[in-house]
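Below you'll find the structure, written out as structure tokens, and then a few comments.
Order of the sequence lines sets the chain letters (A, B, ...), proteins ahead of strands, with each chain counted from 1. Since this is a predicted model, take the numbers as computed values, not measurements. Computed from heavy atoms alone, side chains included, the values below leave out hydrogens, waters and symmetry copies.
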Number of protein chains: 2
Amino acid sequence: MEPAAAACPADGAPPEGTSAYLLSQLGALSARLFADRVAALDLTPPQAGLLRLVAAQPGRSQQALATQLGTPPSRMVGLIDGLEARGLLARRRNTDDRRLSSLHVTADGMALLAELGGLAVAHDGEVSAGLDDTEREQLHALLVRLAELRGLRPGVHPGFRGSC
Amino acid sequence: MEPAAAACPADGAPPEGTSAYLLSQLGALSARLFADRVAALDLTPPQAGLLRLVAAQPGRSQQALATQLGTPPSRMVGLIDGLEARGLLARRRNTDDRRLSSLHVTADGMALLAELGGLAVAHDGEVSAGLDDTEREQLHALLVRLAELRGLRPGVHPGFRGSC
DNA sequence: TATTGTTATACTCTATAACTATA
DNA sequence: TATAGTTATAGAGTATAACAATA
């Protein structure tokens with residue numbers, strides 16, 4: 001079952017070739033490669049994910065996004081500050097309830113998001129390079145199914161750290 | 001292509017449903033669930049990975065393992081200290097070259113490793129729960145193939161952080 | 001002089017809790 | 001008083017560089 005474990009003297013050693021282990025290995029690799037790519041755009045993966053989420057759901061409050069992402073509200077501040085300072089994101093004080101600030105992506109932000117799109121396509125190609133079309137489709141279908149089974153939501157990354 | 005993206009106002013938004021993205025989502029989830037489980041054994045994922053690696057390749061030096069894991073030697077010290085203090089791992093000064101210390105898993109360490117094995121099996125079941133046998137086999141085969149294509153080695157986790 | 005392991009230090013990222021302003 | 005956002009602070013985890021022992 002093990003690809004190249006050679007002579008393994010440890011009989012009690014846990015199985016390293018499980019799907020769960022491979023998933024975490026490949027996931028970490030994919031996240032690292034993506035981090036390298038977005039770094040070229042001067043973004044961290046959490047920043048990229050947030051930008052994307054705000055674009056998909058404009059106008060929401062910081063608290064709402066924090067809840068959705070499973071992160072403390074205090075963390076949003078720094079992320080948004082960075083994006084706002086670069087003119088990619090904008091806070092707008094809600095006129096009805098001036099405690100809330102609704103978030104929106106600027107035109108510059110949308111332009112960068114388009115770049116991010118191309119980058120994601122290239123990244124996907126890099127990760128699955130070497131698979132033929134059938135394998136690629138099979139893999140994608142299985143991952144989608146698994147993501148649904150585990151209740152993963154499209155724009156929300158578990159942990160929201162290390163990757164988008 | 002998107003499972004439940006609802007009305008997505010951002011045309012320029014990058015694709016979130018790529019295999020690479022799903023891989024990183026599911027990988028992060030798998031890593032988190034594994035971390036929860038090994039925490040019950042009072043281990044961090046890096047500690048578990050190191051213990052496993054030493055069991056698979058006993059007698060190697062800290063430098064050799066650090067190189068293999070892609071981590072600075074200084075980091076090995078703390079990890080090994082923790083495992084050695086609990087009697088799971090042992091440093092033995094090399095008699096030929098007393099700069100080197102070769103690492104070995106103790107009997108207690110092997111016992112814990114056996115527990116870790118059972119835990120890994122349960123973890124794997126949890127991650128892939130809901131898939132039928134055919135899907136499970138397909139997924140495993142594809143992940144193994146992808147791991148080989150990307151040059152991932154059995155006991156070496158990319159980043160060696162957050163997961164084993 | 002070069003190398004192994006160690007220590008000291010600093011940096012990054014994240015979470016917790018206290019604070020303000022609005023309600 | 002309760003809530004949204006912010007600030008201050010502390011903690012975990014990691015990397016870099018200096019150090020001591022051995023070769």
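B/R92 has no side-chain polar atom (N or O) that falls below the 4.0 Å cut-off from OP1 or OP2 of C/dG5.
Scanning for side-chain contact (heavy atoms from CB on, under 4.5 Å) contacts around A/N94 gives A/D96, A/L100, with sequence neighbours left out. Taking A/D42 as the reference, A/R86 meet the side-chain contact (heavy atoms from CB on, under 4.5 Å) condition, with sequence neighbours excluded. The side-chain contact (heavy atoms from CB on, under 4.5 Å) test applied to B/Q47 returns B/L43, B/T44, B/L79, B/L83, not counting sequence neighbours. Legend: residues meeting salt bridge (charged side-chain N to carboxylate O under 4.0 Å, His left out) with A/R91, ordered by chain and number and at least two apart, are A/D81, A/E84. Residues forming a side-chain contact (heavy atoms from CB on, under 4.5 Å) with B/R136 (at least two apart in sequence, or on another chain): B/S128, B/D133. Taking the salt bridge (charged side-chain N to carboxylate O under 4.0 Å, His left out) definition, one finds that A/R150 meets it with nothing, sequence neighbours left out.
With the nearest nucleotide of DNA chain C identified for both B/R91 and A/P73, B/R91 has the one nearer the 5' end.
Of all the heavy atoms in A/S102 and A/G59, the pair that sits closest is CB-O, 3.0 Å. The heavy-atom pair separating A/D108 from A/G87 by the smallest distance is CB-O, 3.6 Å.
Counting non-hydrogen atoms under 4.0 angstrom, B/S74 reaches a base of the nucleic acid.
The nearest whole Å value for the distance from the CD atom in B/E84 to the C1' atom in C/dG5 is 13 Å. Counting to the nearest Å, the C1' atom of D/dG13 and the CG atom of B/D81 are 16 Å from each other. If you measure from atom CG of B/L69 to atom P of D/dT14, you get 12 Å, rounded to the nearest angstrom. When the C1' atom of C/dC13 is taken as reference, atom CD of A/Q47 falls 12 Å away, rounded to whole Å. Here C/dA15 presents its P atom at 10 Å from CG of A/L79, a figure rounded to the nearest Å. In this entry the distance linking CG of B/L100 with C1' of C/dT3 reads 9 Å, nearest Å. One interatomic measurement links the two molecules: CZ of A/R93 to C1' of C/dT20, which rounds to 11 Å at whole-angstrom precision. Atoms CG (B/L103) and P (C/dT4) sit 14 Å apart, rounded to a whole Å.
With distances taken from any side-chain atom of A/Q62 to the nucleotides C/dG5, C/dA15, D/dG5, the minimum falls on D/dG5. Among D/dT6, C/dT14, C/dT4, the nucleotide with an atom closest to any side-chain atom of B/Q63 is C/dT4.
Stem regions annotated for DNA chain C: C:1-23 with D:1-23, counting only runs of 3 or more consecutive pairs of Watson-Crick or G-U type with both contacts under 3.5 Å.
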Please list, one pair per line, the donor and acceptor atoms closer than 3.5 Å that link side chains of residues 63-74 of chain B to other protein atoms, with sequence neighbours excluded.
from: B/T67; atom 1: OG1; to: B/Q63; atom 2: O; distance (Å): 2.9
from: B/Q68; atom 1: OE1; to: B/R60; atom 2: NH1; distance (Å): 2.4

Return a single string for nucleotides 18-23 of chain D, one symbol per nucleotide in 5' to 3' order, where B is base contact, S is sugar-phosphate-only contact and - is none, cutoff 4.0 angstrom on heavy atoms. ----BS
